[in-house]
Structures are given as C-alpha cells and as structure tokens.
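Below is one structure; the comments refer to it alone.
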Amino acid sequence: MRMASYYDCIVMNGFVVLPSEVKKLDIGIRDGRIVALEQSLADAEAGSRIDAERQYVLPGMVDIHVHFNEPNLGHWEGFSSGSAALAAGGATCYADMPLNGNPPTVTTEALALKADQAEGNSAVDYTFWGGLVPGKLDELAPMFEAGIVGFKAFMSNPGGEGEGRFREVDDWTLYEGMKKIAALGGFVALHAESDAITSQLAGAALAAGRYDADAFAASRPIIAELEAVNKALLFAEQTGCQVHFVHISSYDAVELIDRAKRRGLPVTVETCPHYLLLTMADMTALGAVAKCAPPLRSEEQREGLWRMIGEGKLDVIASDHSPCPTSMKVDASKTFFEAWGGISGAQSSMELVLGEGWIKRGLPLPLLSSLLSAGPAQRFGLYPRKGAIAVGSDADLAIVDPNAAYELLEEKLFYRHKHSPYVGKEMACRVVATLVRGTVVYTADGGLAQPTSGKSLLPLEAGSEKGMMKGSV
Ligand SMILES: NC(=O)NC(NC(N)=O)C(=O)[O-]
Ligand SMILES: [Zn+2]
Ligand SMILES: [Zn+2]
C-alpha cells in the first residue's frame, strides 16, 4: 500500500509543459520514471521535493546534433565537458555526430571506440549517429544491428584533415546508401549544400583575393542548400529512404521540404538556434566565432524561419554544437575561410529558443518544446520514453525560470573552449535545474551535481554478442 503513494521525488507547483497544453501539476517520480501527474501530491510521501512555484517544467531537450569529437579530438570538447554544457542548458539526452572524432563513426569498431569513451563520462543520456561515406556501404548493416538508426552524410566537403577523415558522399554512394538504409529501416541525415556550387564560388572568391566573412557567406548561397535538398528529395522518393535535413538555414528550403512532406515523402527538417537568433551581420561583427556552414543568413530569412515554426513546418531544433580550440577561431594569421566552421551553442539552445520564441514572440510553449524534445525523440525512435512529460516516460526534466534574465558570461560556459557567439548576451530566461531519470544533474545555484550519471541508449549488448562492440577493440 505504501508503494502506491510513495515517490522518490516530487516536482511540485510548476507549470508543466505537456504535448498540447501547459498545466499546473505535481510530478511524481519513482525509479527514474514519471509515475504520477496530479493536481496535488502534497499529501504523498516523498524522498525529496523540488518546489517549482512560478517556474515552468519542460521535458529535457533532446539535442540530436552535437559534435563532441571523441575519440582523439576530445581536446576540442569531449563527452565530459560537452554533456555538462548540455545539462546546464536543460538538455537531458543527445546524439553525437559521427565526425569530427578520429576515426569517424563509419564502422562498428569506431562505434565501439566512441561508446567506450562516452561510458561513465556523460552527465546526460546519449546515443550515436553513424556515418554514410564512400567505400563503407557494407558497414551500414552491422552498424544498424549495433543499434544505430541514423546515418549522417555530407553533400559538400565537411572540412577537417587527414586520410581517415569523414568524407562527403558522391551521388552514387548516397543513392546506394539510401537504398540500403531504407531496407534496414533506418534514416539518413543530410548536410545539404551543393559541393559543386560552394567549391566553385569559394575558389572564385579566393582567386579574387576575397577572404573575409562576407565573401565566405556569399560562397555558400541559399541556392546551394536548395539544390542539395532538391536532389535529396528526389533520392528519397526513388529509394523510399527516410531523410532528416540537419541545420537548414533558409525558409525557402523549409518550404521545399514541406511541399515534399505533403506529397507523402518521409522527411523531417531541423534548424538551429543560431539561424533563429543571429544573421550575417552578426557574423561580420563577431567574426569566426559565428562562422558555420551553411552560413548565417539575412534578417528576412531569420524572420521566415520563425514564420515556418509558427506554421508548424519544422520538426527539430538542435544545437549543431561544433566546437574547436579557440585558436582555430581567433587567429590573426588566418583568414575567415581558414577558421573552423562550427558554432559552440549546446548550453544555450533552450534558453535562446524560449527567450526569443516564447517570451519575445509569444509562440506557444508546447510548440517550441515539441521542437526541442518530442520531435527529435521521435526522429530517433525514443519517444515517448524521451521527449515527453507523461506517465511512464523517463523523468528527464528542465525547470525554467521565466523571471531570471541574466547575462551569459564566459565563465558560466561548461565548454572546454569557452567561446560562443552568445557570450555577453542577455538571456530572457534561465534553466534552474535539470533532472535525468529523476536525478538532479544540474542546478543554477549549485552547478553540475552529477557529471557521470548519463547512460547510453544503444542496445550495446546486441553488438557485443557478435563481437562487434566492446572487446573487439
Ligand atoms: N565538421 C563539422 O563539424 N561541421 C559542422 N559545421 C558547421 N555546421 O559549420 C556541420 O555540422 O556541418
Ligand atoms: Zn553539417
Ligand atoms: Zn554538425
């Protein structure tokens, strides 16, 4: 009898963000899961209570686009500092990209190495992407068996150095890979920029002695994104493969993808906080710290992306946290073209999106929350275990105070290299606590409480039985 009303923890008095409404509820947690959502659990027995009066309780963000760069480039970020930053930003789960670690995650051996580095080093739960690259088509099935459902491919040069680096796909590899992935039941994620267009324009800019930020932006125009998206939609139609478009930067591309969805194509679309918060003008003003590919766009595009969100045409907001040593961003001897492309933002996604989308623009919280949590969890087949506040779901929660505006200072960043285009920005709200499976991993007052409580969501055992995972390396 006692069990029925005993909870390990109760989150009380908060405004709880449910899939289609916000309701004042108490959340009862037992064994890491949400077991009660009631108007009041004031009389219940509890191991601990968290008072969320005047605060909002959201499902933790599921950030399916981060580059933590292990193995071997952990000094660029790593699981430990990267996941700490996520926890501080209200993210409770992530999917780590198959680059820029070395080796990239394009074989089961590489996956095993990565999994080994993550284990015991993550503050929040995680899973991994595989990669679709030339010459490794036979690796797709074994990686799928090891639990990988999403395979990332680049349609333009991903940069990076060395023989074993992640390579972009040629059309044949993409087409064949998509047929194989469709047959397996997985999906492809695409960095959609046309290599033909971007390389041609970058070459021309450099030949003309233009190395600055504006020339970089002009070398990666929206037509490059549209051309790649269009080709990928054709391949999706021909192969039946599900496609997820990562970091889409223009509303034109969102509309193109939306038209394909309405024709019945199984496609989803992601954008990132930087395309919603920043423009080319910020890139020119801030320098390479705001350099990414595709580049930041015009104010008109930024507004257009918000309009797309309001119209329900996006599925996912993810950080595309792509860090590097600060010297690769800020180096007087290097041109803008040579600086690392990638923005450090993992810690700020939820605060930025809620601050701009909800507090400033008045968009509904459930809508924004679905892009941060439910949408990405669905994409990875993790919903509703992850990405929802519902009875039976993991108690992965972000508690947000809408009356705690603060200035983001460099020393508040958990990144290994503390650069970000958001340093110095006034944040309109603040993540005050993050819970992973009912455990408080972070509080704004106390900092990181649990640096290693994150768990892998991969069925590692399936691989290890076949000797493909741990033990084979
Ligand atoms: N090699 C990278 O980490 N690239 C990333 N860089 C960006 N977005 O500038 C990406 O996702 O394309
Ligand atoms: Zn990309
Ligand atoms: Zn990325």
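Whatever order the structure lists them in is the order used to number ligands and atoms, beginning at 1. For this chain, numbers begin at 1 and follow the sequence in order.
- At the top of the distance list for atom 12 (O) of ligand 1, counting protein heavy atoms only, stands His191 ND1, 2.9 Å.
- Counting non-hydrogen atoms of other residues, nucleotides and ligands closer than 6.0 Å to CD of Glu161 gives a total of 12 or fewer.
- Ring-plane geometry between Phe79 and Tyr126 is classed as tilted, the angle between the planes lying from 30 to 60 degrees on a 0 to 90 degree scale.
- Aromatic pair His65/His247: ring centres closer than 6.0 Å.
- Not close to ligand 1: Phe166, with no non-hydrogen atom less than 4.0 angstrom away.
- Of the protein's heavy atoms, Ala293 N, 2.8 Å lies nearest to atom 9 (O) of ligand 1.
- With a 4.0 Å cut-off on non-hydrogen atoms, Val246 does not touch ligand 1 at all.
- Nearest protein neighbour of atom 8 (N) of ligand 1, counting heavy atoms only, is Asp320 OD2, 2.7 Å.
- The structure places CD1 of Ile64 at 10.5 Å from NZ of Lys152, a figure rounded to the nearest 0.5 Å.
- To the nearest 0.5 angstrom, Ser219 atom OG is 4.0 Å from Phe337 atom CZ.
- Here the CD-CG distance, from Glu139 to Leu111, works out to 10.5 Å after rounding to the nearest 0.5 Å.
- To the nearest 0.5 angstrom, Phe68 atom CZ is 10.5 Å from Phe128 atom CZ.
- Ion pairing between Arg385 and Asp394 holds under the 4.0 Å rule for side-chain N and carboxylate O.
- Judged purely by distance below 3.5 Å, without hydrogens or angles, the side chains of His321 and Glu77 pair a donor atom with an acceptor atom.
- Residue contacts with ligand 1, taken as heavy atom pairs separated by less than 4.0 Å, do not involve Met97 at all.
- With 2.8 Å as the limit, His67 counts as an N, O or S neighbour of the Zn ion (ligand 3).
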### Query
Could you go step by step and tell me if Cys429 and Ile359 meet the side chain to side chain contact (heavy atoms under 4.5 Å, CB included) rule?
CA-CA 8 Å; Cys429 59; Ile359 297 178; 3.7 Å; yes
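- Where the criterion is an N or O separation shorter than 3.5 Å, residue side chain and backbone included, Gly341 meets it with respect to ligand 1.
- Proximity of Trp76 to ligand 1 is not established, as no heavy-atom distance is less than 4.0 Å.
- Ligand 1 places these atoms under 4.0 Å from at least one heavy atom of Leu99: 1 (N).
- Between Glu356 and Arg302, at least one side-chain N (NZ, or NE/NH1/NH2) sits under 4.0 Å from a carboxylate O, which counts as a salt bridge.
- Using a 4.0 Å cut-off between a side-chain N of Lys or Arg and a carboxylate O of Asp or Glu, Lys425 and Glu407 do not qualify as a salt bridge.
- Contact atoms of ligand 1 toward Trp340: 1 (N), 2 (C), 3 (O) (distance under 4.0 Å to a heavy atom of the residue).
- Closest N/O/S atom of Asp320 to the Zn ion (ligand 3): OD1.
- For a distance bound of 2.8 Å, the N, O or S atoms of His65 include one lying that close to the Zn ion (ligand 3).
- In summary, Lys261 and Asp315 engage in a salt bridge, as defined by a charged side-chain N under 4.0 Å from a carboxylate O.
- Rounded to 10°, the angle that NE2 of His247 and ND1 of His191 form at the Zn ion (ligand 2) is 90°.
- Within the listing of ligand 1, atoms 10 (C), 12 (O) sit less than 4.0 angstrom from a heavy atom of Phe154.
- If you look at Asn100 next to ligand 1, the close heavy atoms, those under 4.0 Å, all belong to the side chain.
- For Cys292, heavy-atom contacts with ligand 1 shorter than 4.0 Å involve the backbone as well as the side chain.
- Of all atoms in ligand 1, numbered sequentially from 1 with element shown, those under 4.0 Å from a heavy atom of His65 are 11 (O).
- Not close to ligand 1: Lys291, with no non-hydrogen atom less than 4.0 angstrom away.
- Close approach of ligand 1 to Pro158 is summarised as follows: ligand atoms under 4.0 Å from at least one heavy atom of the residue are 1 (N).
- Using modelled atom types and a 3.5 Å distance limit, the side chains of Glu168 and Ser156 yield no donor-acceptor pair.
- A heavy-atom separation below 4.0 Å is not found between Gly159 and ligand 1.
- Every atom of ligand 1 is numbered from 1 in the order shown, and the set under 4.0 Å from a heavy atom of Gly342 is 7 (C), 9 (O).
- Distance from atom 3 (O) of ligand 1 to its nearest protein heavy atom, with residue and atom name: Ser322 OG, 2.8 Å.
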